Amino acid sequence: MTPEEVGARLVALLAPVEVTPSVSGGQRFARATVDVPPASWLAAVRAARDDTELACDFFDWLSAVDELADGFDVVAHLWSTRLRHGVLLRTRLPRGAATVASVVDVYPGAAWHERETHEMFGIDFAGHGELRPLLLPPEFEGHPLRKEFVLASRVAKPWPGAKEPGESEAGGGRRPIRPPGVPAPGEWGTTPTPAGAGGVGEGPRGGTPARPAGDRPARPAPGARPARTPRPAADNDGPAPTDQAAPGPAADDDGPDHDGGTT
């Protein structure tokens, strides 16, 4: 069946309920997308599975989308392993009453997905019966995938990596930037003993205590370089260069005679 035929079939099965069919993007991977009211959510999922022309026997995934003032969209993707077509079922829940029927009785594999969606978006699935924490610790407060959820790390301290190096308020330069809350090396704990070093060290993990920050030598200012010590001239560097040519023979010296003597 084509995506258009899948959508039309669901419209016929759910009549007289008002259902809106459409086709998602993706060219040859396009899917029939059927929007149903929340009260018909469970009936639409069951019809997609039990109808012989649809036969969506495989539950793929379920999640939600935060549409802010418009509420939440709950979306489920179902697939027919025999007929090789799929359908996206979607329903919109009001923000103040985000509750929809659970489909665990139709597809037991939806239990994990409904727990995650409940945890991340705060959507209740009536009839699930086991919406306990799945990914977050029990003491966690809030729903991280809601768009109004504020990341605490961004409130506590501005993230220095938000700007180009040199433009950040945390300072310039291209030196490595530590994440917020991570101490600099040598400011806490102990330094482990290097491999092959003698002794077991003094720290609790077999290391030596870290050197206090005040004992470290001051780092030179950027761009400042220590003056170079002039190198002494060595005696074996060779003769000093000169611009004068070596003196030639005296003017009155006629040189050697033809017979090898001198005058």
Side-chain angles (χ1 to χ4, degrees), residues 3 6-7 9-11 13-14 17-51 54-81 83-138 140-152:
V6 171
R9 181 60 181 172
L10 268 174
V11 170
L13 291 172
L14 296 175
V17 176
E18 184 179 353
V19 176
T20 306
S22 60
V23 177
S24 69
Q27 300 177 359
R28 67 188 184 95
F29 299 104
R31 291 285 183 273
T33 303
V34 180
D35 290 278
V36 301
S40 302
W41 175 251
L42 181 58
V45 172
R46 183 176 285 110
R49 184 197 67 175
D50 295 342
D51 182 67
L54 296 178
C56 294
D57 56 340
F58 178 73
F59 175 87
D60 192 3
W61 54 265
L62 180 147
S63 189
V65 180
D66 187 351
E67 299 291 351
L68 295 176
D70 294 331
F72 299 97
D73 281 343
V74 176
V75 187
H77 182 244
L78 311 177
W79 180 257
S80 174
T81 58
L83 302 177
R84 311 301 297 172
H85 60 237
V87 60
L88 283 167
L89 288 176
R90 183 169 58 190
T91 188
R92 178 158 293 183
L93 308 177
R95 199 168 195 86
T99 303
V100 72
S102 173
V103 298
V104 172
D105 291 341
V106 182
Y107 293 106
W112 190 95
H113 299 257
E114 290 183 351
R115 285 176 59 190
E116 181 190 36
T117 304
H118 170 74
E119 187 174 33
M120 295 297 171
F121 292 92
I123 298 173
D124 289 329
F125 292 89
H128 188 286
E130 213 174 356
L131 293 176
R132 64 183 187 276
L134 179 68
L135 303 175
L136 302 174
F140 189 91
E141 296 182 1
H143 307 286
L145 292 188
R146 287 195 174 196
K147 291 183 179 178
E148 76 267 13
F149 187 84
V150 180
L151 296 175

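Fair warning: this is a prediction, and the values are worked out from it, not measured in the lab.
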**Student:** Set out, in order, the CA-CA distance, both residues' side-chain angles and the distance that settles ring-ring contact (aromatic ring centres under 6.0 Å, His included) for His113 and Phe59, then state yes or no.
**Tutor:** CA-CA 10 Å; His113 299 257; Phe59 175 87; 5.2 Å; yes
**Student:** Look up atom CZ in Arg95 and atom CG in Asp70, then write down how far apart they are to the nearest 0.5 Å.
**Tutor:** 9.5 Å
**Student:** Closest heavy-atom contact between Thr91 and Trp41?
**Tutor:** CG2-CE3, 3.6 Å
**Student:** Looking at side-chain heavy atoms only, is the closest gap between Phe58 and Leu78 below 4.5 Å?
**Tutor:** no
**Student:** Taking all non-hydrogen atoms of both residues, which atom of His85 and which atom of Leu54 are closest, and how far apart?
**Tutor:** NE2-O, 2.9 Å
**Student:** Could you give the distance from OG (Ser40) to CG (Leu13), rounded to the nearest 0.5 Å?
**Tutor:** 12.5 Å
**Student:** Mind listing the closest non-hydrogen atom pair of Ala30 and Val23 along with its distance?
**Tutor:** CB-CG1, 3.8 Å
**Student:** If every non-hydrogen atom of Pro138 is compared with every non-hydrogen atom of Pro133, which pair is closest and at what distance?
**Tutor:** CA-CG, 4.2 Å
**Student:** What I'd like to find out is whether the side chain of Leu10 reaches to under 4.5 Å of the side chain of Val19, using heavy atoms alone.
**Tutor:** no
**Student:** May I ask you to check whether over 12 heavy atoms, not counting those of Glu67, lie within 6.0 Å of atom CD?
**Tutor:** yes
**Student:** Suppose the criterion is salt bridge (charged side-chain N to carboxylate O under 4.0 Å, His left out): which pairs have a residue in residues 29-49, not counting sequence neighbours?
**Tutor:** Asp35-Arg90
**Student:** Decide yes or no for Leu14 and Val36: does some side-chain heavy atom of the first lie under 4.5 Å from some side-chain heavy atom of the second?
**Tutor:** yes
**Student:** Using salt bridge (Lys or Arg N to Asp or Glu O under 4.0 Å) as the criterion, list what pairs up with Arg115, not counting sequence neighbours.
**Tutor:** none
**Student:** To check you understand the geometry: which heavy-atom pair defines the closest contact between Asp124 and His118, and what is its length?
**Tutor:** OD1-CE1, 3.0 Å
**Student:** Quick one: does His128's side chain have a donor or acceptor within less than 3.5 Å of a partner on Glu130's backbone?
**Tutor:** yes
**Student:** Between Val45, Val6, Thr33, which is the residue that forms a side chain to side chain contact (heavy atoms under 4.5 Å, CB included) with Val87?
**Tutor:** Val6
**Student:** Verify side chain to side chain contact (heavy atoms under 4.5 Å, CB included) between Thr99 and Ile123, making sure each step is shown before the conclusion.
**Tutor:** CA-CA 6 Å; Thr99 303; Ile123 298 173; over 6 Å; no
**Student:** Would you find a donor on one side and an acceptor on the other, under 3.5 Å apart, between the side chain of Glu119 and the backbone of Leu135?
**Tutor:** yes
**Student:** Quick one: are Phe125 and Leu62 in side-chain contact, heavy atoms under 4.5 Å?
**Tutor:** yes
**Student:** Atom CG of Leu93 and atom CZ of Phe72: how far apart are they, to the nearest 0.5 Å?
**Tutor:** 8.5 Å
**Student:** Strictly below 4.0 Å, N to O, side chains only: are Asp73 and Arg92 in salt-bridge contact?
**Tutor:** yes
**Student:** Say whether, by atom type as modelled, one donor and one acceptor occur between the side chain of Asp66 and the main chain of Phe121 under 3.5 angstrom.
**Tutor:** no
**Student:** Roughly how far apart are Cys56 SG and Leu83 CG, rounded to 0.5 Å?
**Tutor:** 8.0 Å
**Student:** Would you compute the distance between atom CG of Leu131 and atom CD of Glu116 and round it to the nearest 0.5 angstrom?
**Tutor:** 12.5 Å
**Student:** Taking all non-hydrogen atoms of both residues into account, name the closest pair between Ala110 and Val103 and its distance.
**Tutor:** CB-CG2, 3.7 Å
**Student:** Output yes when a side-chain donor or acceptor of His77 lies under 3.5 Å from a complementary backbone atom of Trp61, and no otherwise.
**Tutor:** no
